[in-house]
Amino acid sequence: MILKTERLILSPWQPEDWIAFRPIAQDPEVMRYITGGKPWTDDEIRNFIDRQVALFAGRGFCRWKVTGQTGEEVMGFCGVGFWRGAIGEPEIGWWLARRFWGLGYASEGARAAMEDVFRRTELPRLISVAMPGNRASIHIMEKLGMHFEAEFEGENTRLVRYALTRDEYLSRAQALEAR
Ligand SMILES: CC(C)(COP(=O)(O)OP(=O)(O)OC[C@H]1O[C@@H](n2cnc3c(N)ncnc32)[C@H](O)[C@@H]1OP(=O)(O)O)[C@@H](O)C(=O)NCCC(=O)NCCS
C-alpha cells in the first residue's frame with residue numbers, strides 16, 4: 001500500500017529504514033520545535049520506526065515514509081500516529097530533511113495522508129500538535145482546514161492543538177466536489 005501525490009510517494013516503513021531517517025532526527029534544526037534542538041538518540045529513532053511498522057501492521061496507516069517519485073531518498077515522514085502525552089488521540093504530523101523545506105512538500109504529503117485516513121478508515125477526528133513558535137507547521141494545519149482548539153502544557157513545554165473531525169472534512173470535500 002502506497003499513497004502517491006504529484007511529487008511524492010508515501011509508503012510504510014521497513015525496520016532498517018531507521019538508518020536513512022537518522023540524519024533527519026539528529027539534525028538540531030529539524031528538532032528545534034520538537035525537543036528544543038536535541039537530536040534523538042539511535043534508540044529513540046529505532047523505536048519511532050518500529051512504532052510506525054507496528055502501527056501500519058495493526059491499523060493500516062502510520063506516519064508514512066516520504067520519498068520522491070523514484071523512491072530512493074527518505075525525505076522525512078508525514079501522516080497519522082497517536083499523540084502519546086495527553087489523550088492518545090490520532091495526530092497528524094510531518095518532519096522533513098532541511099533541504100526539502102519551503103517547497104510545499106509537507107502540505108502536499110499531509111493533504112494526501114489526511115484524505116486517506118478520513119476516506120479509508122473510521123477515525124472520527126484528527127488533531128495536530130505543535131509548539132506555538134512553529135509557524136510553518138501551524139500554517140500547514142490551517143491550510144488543511146484544521147481549527148485551533150487549545151493551548152496546553154505538554155512534555156515540559158507550551159503546545160497548541162488543532163483539530164478537524166471526519167464529518168467536517170467530508171462535508172467540506174463534498175461541497176468542493178459539488179462546485
Ligand atoms: C514543518 C515542516 C515539515 C514544513 O515543511 P515544508 O515542506 O517547508 O512546508 P510547506 O512548504 O508545505 O508549507 C509551509 C507553509 O508555512 C509557511 N511558512 C514557513 N515558515 C513560516 C513562518 N516562519 N511563518 C509563517 N508561515 C511560514 C510557508 O510559506 C508555507 O505556506 P504556503 O504554502 O502558504 O506558502 C518543516 O519545516 C520541518 O520538517 N520542520 C522540522 C520538523 C517539525 O518541526 N515538524 C513539525 C512538528 S509540529
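Along the sequence shown, residues carry numbers from 1. Note that ligands are numbered from 1 as they come in the structure, with each ligand's atoms numbered from 1 the same way.
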Pull out every atom of ligand 1 sitting under 4.0 Å from any heavy atom of Ile140, numbered as shown with elements.
4 (C), 9 (O), 13 (O), 14 (C)

Quick one: which ligand 1 atoms are inside 4.0 Å of a heavy atom on Tyr105?
7 (O), 12 (O)

Counting only nitrogen or oxygen atoms and a 3.5 angstrom limit, does [X] reach ligand 1?
{"X": "Trp94", "answer": "yes"}
{"X": "Ala106", "answer": "yes"}
{"X": "Tyr33", "answer": "no"}
{"X": "His139", "answer": "yes"}
{"X": "Gly104", "answer": "yes"}
{"X": "Ala130", "answer": "no"}
{"X": "Trp101", "answer": "yes"}

Side-chain contact test, heavy atoms from C-beta onward, threshold under 4.5 Å: evaluate it for [X] versus [Y] and give yes or no.
{"X": "Thr157", "Y": "Leu159", "value": "yes"}
{"X": "Phe21", "Y": "Trp13", "value": "yes"}
{"X": "Val117", "Y": "Pro90", "value": "no"}
{"X": "Asp116", "Y": "Arg111", "value": "no"}

Test of understanding: given a 4.0 Å heavy-atom threshold, classify the contact between [X] and ligand 1 as side chain, backbone, both, or neither.
{"X": "Val129", "answer": "backbone"}
{"X": "Lys143", "answer": "side chain"}
{"X": "Leu103", "answer": "backbone"}

Suppose we call two aromatic rings close when their centres sit under 6.0 Å apart. Are Trp94 and Trp101 close by that rule?
no

Hey, do the aromatic rings of Phe77 and Trp64 have their centres closer than 6.0 Å?
no

Tell me the protein heavy atom at minimum distance from [atom], and give that distance in Å.
{"atom": "atom 12 (O) of ligand 1", "value": "Ser107 OG, 2.6 Å"}
{"atom": "atom 39 (O) of ligand 1", "value": "Leu96 N, 2.7 Å"}
{"atom": "atom 19 (C) of ligand 1", "value": "Ala136 CB, 3.4 Å"}
{"atom": "atom 24 (N) of ligand 1", "value": "Arg135 CB, 3.0 Å"}
{"atom": "atom 44 (O) of ligand 1", "value": "Asn134 ND2, 2.9 Å"}
{"atom": "atom 42 (C) of ligand 1", "value": "Val30 O, 3.4 Å"}

Whether Ile138 lies under 4.0 Å from ligand 1, heavy atom:
no

Report yes or no: does a heavy atom of Gly102 sit under 4.0 Å from some atom of ligand 1?
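Per 4.0 Å heavy-atom rule, Gly102 contacts ligand 1.
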
Below 4.0 angstrom, N of the basic side chain to O of the carboxylate: do Glu16 and Arg46 qualify?
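Looking at Arg46 together with Glu16, the answer is no, because their closest N to O distance does not fall below 4.0 Å.
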
Note: Glu149-Arg125 ion pair, threshold 4.0 Å (strictly below):
yes

Please report the shortest heavy-atom distance between Met146 and Leu126, naming the atom on each side.
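Here Met146 and Leu126 meet closest at CE-O, 3.5 Å.
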
[Y] versus [X], side-chain donor and acceptor atoms under 3.5 Å:
{"X": "Ser11", "Y": "Lys65", "result": "no"}
{"X": "His147", "Y": "Glu168", "result": "yes"}
{"X": "Asp42", "Y": "Gln26", "result": "yes"}

Does atom 35 (O) of ligand 1 have any protein heavy atom closer than 4.0 Å?
no

Return yes when at least one protein heavy atom is under 4.0 Å from atom 29 (O) of ligand 1, and no when none is.
no

Counting only heavy atoms not in Glu29, do more than 12 sit closer than 6.0 Å to its CD atom?
yes

